[in-house]
Protein chains: 2
Amino acid sequence: MARSRSNPLALAVLALLWERPMHPYEMSMTLRERGKDESVRLNFGSLYSVVDSLEKHGLVAAASTEREGNRPQRTVYRITDEGSREVVDWLSDLLRTPTKEFPQFEAALSFLPLLPPDDAVRLLRLRVVALERRQAALRGSLDEAVATGLPPLFTVESEFEGALLRAELDFVTDLVTRLGDGTYPGVDLWRRFHADAGPDGRIDQTAVEEAVTAYIQSVRSGP
Amino acid sequence: MARSRSNPLALAVLALLWERPMHPYEMSMTLRERGKDESVRLNFGSLYSVVDSLEKHGLVAAASTEREGNRPQRTVYRITDEGSREVVDWLSDLLRTPTKEFPQFEAALSFLPLLPPDDAVRLLRLRVVALERRQAALRGSLDEAVATGLPPLFTVESEFEGALLRAELDFVTDLVTRLGDGTYPGVDLWRRFHADAGPDGRIDQTAVEEAVTAYIQSVRSGP
DNA sequence: TGTCGAATGCTCTAACCAGAATATATCGCG
DNA sequence: CGCGATATATTCTGGTTAGAGCATTCGACA
């Protein structure tokens with residue numbers, strides 16, 4: 001009986017129906033209008049199945065089916081009492097308890113040493129440029145929202161996105177610098193085992209392991 | 001024929017097999033040992049199906065099936081040439097191009113005004129405490145890694161996680177303060193429409209819309 | 001008046017994936 | 001030496017989801 005809470009789109013649906021009854025297509029359009037599709041992954045396929053699942057669990061209910069002109073018939077849903085409780089509960093949980101996320105970039109950094117150091121630096125420099133573009137775009141849309149007079153409270157999530165973006169930009173900028181000038185600890189080692197690679201880029205793994213072990217020895221016995 | 005690249009676990013598998021042939025269980029253990037399960041979502045069910053899918057697409061191949069003692073038989077995989085190309089390509093893409101992510105907390109912030117302001121502030125304060133705990137834990141495991149002598153290069157992803165964590169902590173701390181003392185623009189409005197709510201917490205949505213519209217008017221005509 | 005393309009609204013399907021379930025072996029402990 | 005706990009290794013299952021596909025209507029334009 002317990003619903004899974006895995007898809008935040010369900011939260012968005014509940015939050016919208018908490019305001020007033022809607023049919024699914026209207027929900028998607030409202031989310032778009034308010035720019036919430038930037039903070040909640042929205043796609044049509046998921047939307048309809050999420051609504052179905054909420055209905056099955058009694059958190060929303062079909063309020064009416066109507067037909068406007070000769071358009072396809074559509075079902076208007078409303079939130080139930082249980083749904084109202086659930087949305088407050090879920091939202092509270094999300095605010096109170098940080099969730100472990102797995103950003104793609106973090107995964108990529110995990111395997112950074114697989115690439116030759118110079119390639120890695122070149123790619124990260126390109127990332128910096130791309131991040132700066134995104135930052136400009138975000139700032140632009142925030143300014144626009146403020147210009148319409150919408151209180152910033154209703155766009156906090158974008159401010160948050162901006163904060164993360166800035167943090168990433170600072171991090172990558174610093175990383176690129178230190179990888180580039182070799183002051184990041186381990187770059188020498190990294191460079192060495194990629195220099196020993198064959199012409200096809202293949203690396204002798206035994207050599208890598210030995211190099212890492214040697215490094216560790218030297219650090220441990222060091223000062 | 002083009003593979004989807006949706007699951008970073010496949011990247012991890014390729015990266016491991018790029019080092020040396022392994023069987024799935026060994027992959028999972030290696031990822032754990034190296035702490036990469038903090039940056040790539042790892043679970044057994046997915047692992048086996050991801051490996052199957054990679055095999056189907058010719059990026060990895062069964063190298064042998066062996067049996068040690070009377071343990072269940074296991075299949076050792078190796079990376080193919082196409083797989084080597086794919087891992088470099090995929091990794092390069094991830095480093096170069098920022099991906100749009102949808103953190104749960106961002107979704108939650110999107111619907112913040114649904115909760116009564118005082119509740120929201122209380123919950124966010126609890127989040128600050130939780131974030132500080134996580135920060136301490138992360139710092140601990142980083143110190144530990146350095147203590148073994150492992151070059152920081154091999155744990156960059158955790159440094160990144162730390163940077164994001166710090167950014168979130170700063171953001172939430174600031175947010176809580178400004179929501180608490182009412183200096184965040186829109187809080188007055190928020191407080192007003194929650195004060196008008198019935199005893200069951202139900203809110204008159206028409207009143208909200210009117211209030212927001214009025215606010216917008218006042219801002220636009222204002223200085 | 002015919003038609004082209006955009007907008008409206010929903011459905012279908014194949015892949016994906018999380019979590020549970022299964023099965024055996026080994027180890028420590030009284 | 002028998003018991004449960006832990007480690008090894010994989011398979012199963014069923015819900016979830018992304019993305020494409022379908023069907024209709026309407027406005028614009030020629």
Side-chain angles (χ1 to χ4, degrees), chain A residues 1-13 16 21-33 37 40-57 59-60 62-77 99-102 104 107, chain B residues 1-13 16 21-33 37 40-57 59-60 62-77 99-102 104 107:
Chain A
M1 200 57 225
R3 266 193 30 86
S4 83
R5 282 191 181 178
S6 68
N7 192 350
L9 183 54
L11 179 72
V13 166
L16 288 172
M22 290 188 193
H23 55 92
Y25 188 76
E26 191 182 359
M27 296 174 202
S28 72
M29 289 304 121
T30 310
L31 287 174
R32 287 238 170 109
E33 252 171 47
D37 58 335
V40 176
R41 194 188 305 275
L42 167 64
N43 64 50
F44 291 66
S46 308
L47 180 59
Y48 286 90
S49 58
V50 153
V51 171
D52 280 356
S53 149
L54 287 173
E55 185 181 22
K56 204 165 58 197
H57 288 86
L59 305 182
V60 310
S64 68
T65 57
E66 53 182 49
R67 160 183 300 274
E68 187 171 316
N70 263 339
R71 298 276 174 66
Q73 164 185 324
R74 61 208 183 177
T75 308
V76 175
Y77 293 87
T99 354
K100 170 94 193 103
E101 312 268 354
F102 295 86
Q104 306 244 25
Chain B
M1 200 61 226
R3 267 192 28 87
S4 83
R5 281 192 182 178
S6 67
N7 191 353
L9 184 55
L11 179 71
V13 166
L16 288 171
M22 289 187 194
H23 55 92
Y25 187 74
E26 191 183 359
M27 297 176 203
S28 72
M29 288 304 123
T30 311
L31 287 174
R32 288 237 171 110
E33 252 172 47
D37 59 333
V40 175
R41 196 189 304 275
L42 166 64
N43 64 50
F44 290 68
S46 308
L47 180 59
Y48 285 89
S49 58
V50 154
V51 170
D52 280 356
S53 149
L54 287 173
E55 184 181 24
K56 205 167 58 197
H57 288 86
L59 305 183
V60 309
S64 68
T65 57
E66 51 183 48
R67 160 185 301 276
E68 188 170 314
N70 262 340
R71 298 276 173 65
Q73 164 185 324
R74 60 207 184 177
T75 307
V76 175
Y77 292 88
T99 354
K100 171 96 192 101
E101 312 268 355
F102 295 85
Q104 306 243 28

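On a predicted model such as this, the values are computed, not experimentally measured, just so you know. By convention in this document, chain letters (A, B, ...) are assigned in the order of the sequence lines, proteins followed by strands, and residues within each chain are numbered from 1.
Between the CE atom in A:Met27 and the CG atom in A:Leu16 there is a gap of 7.0 Å [rounded to 0.5 Å].
Rounded to an integer number of Å, the gap from B:Leu9 CG to C:dA15 P is 19 Å. Between A:Met29 atom CE and C:dC10 atom P the separation is 11 Å, expressed in whole Å. Atoms CZ (B:Phe102) and P (D:dT17) sit 14 Å apart, rounded to a whole Å. We find that CG of A:Asp52 is positioned 19 Å from P of D:dG14, with the value rounded to whole Å. In this structure, A:Arg32 places its CZ atom 12 Å from C1' of C:dT8, rounding to the nearest Å. One interatomic measurement links the two molecules: OH of B:Tyr48 to P of D:dT8, which rounds to 11 Å at whole-angstrom precision. Atom NZ of A:Lys56 and atom P of D:dG15 are 7 Å apart (whole Å). Computed from coordinates, the A:Leu42 CG to D:dG19 C1' distance equals 13 Å when rounded to whole Å.
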Exercise. Could you give me the CA-CA distance, side-chain angles and deciding distance for B:Val40 and B:Leu11, then say whether side-chain contact (heavy atoms from CB on, under 4.5 Å) is met?
Key: CA-CA 9 Å; B:Val40 175; B:Leu11 179 71; over 6 Å; no
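Across all strands, B:Ser28 comes closer than 4.0 Å to no nucleic acid atom at all (heavy-atom distances).
Under 4.0 angstrom from either OP1 or OP2 of D:dT17 there lies at least one side-chain N or O belonging to A:Ser6. One finds no side-chain N or O of B:Ser49 lying less than 4.0 angstrom from the OP1 or OP2 phosphate oxygen of C:dC16. Taking side-chain N and O atoms only, A:Tyr25 has a distance below 4.0 Å to OP1 or OP2 of C:dT8. For A:Arg41 and D:dA18, the shortest distance from a side-chain N or O to OP1 or OP2 is below 4.0 Å. The phosphate of D:dT17 (OP1 or OP2) has a side-chain N or O of A:Asn7 nearer than 4.0 angstrom.
Formation of a donor-acceptor pair under 3.5 Å by the A:Asn7 side chain with backbone atoms of A:Ala10 is not found in this model. Counting only distance, with no hydrogens or angles, the side chain of A:Thr30 and the backbone of A:Glu26 share a donor-acceptor pair below 3.5 Å.
Taking 4.5 Å as the limit, some side-chain heavy atom of B:Pro8 sits within range of a side-chain heavy atom of A:Gln104.
Between A:Gly45 and B:Phe44, the residue whose closest nucleotide on DNA chain D is further toward the 5' end is B:Phe44.
The side chain of A:Ser46 sits closest to D:dT17 out of C:dC17, C:dC10, D:dT17.
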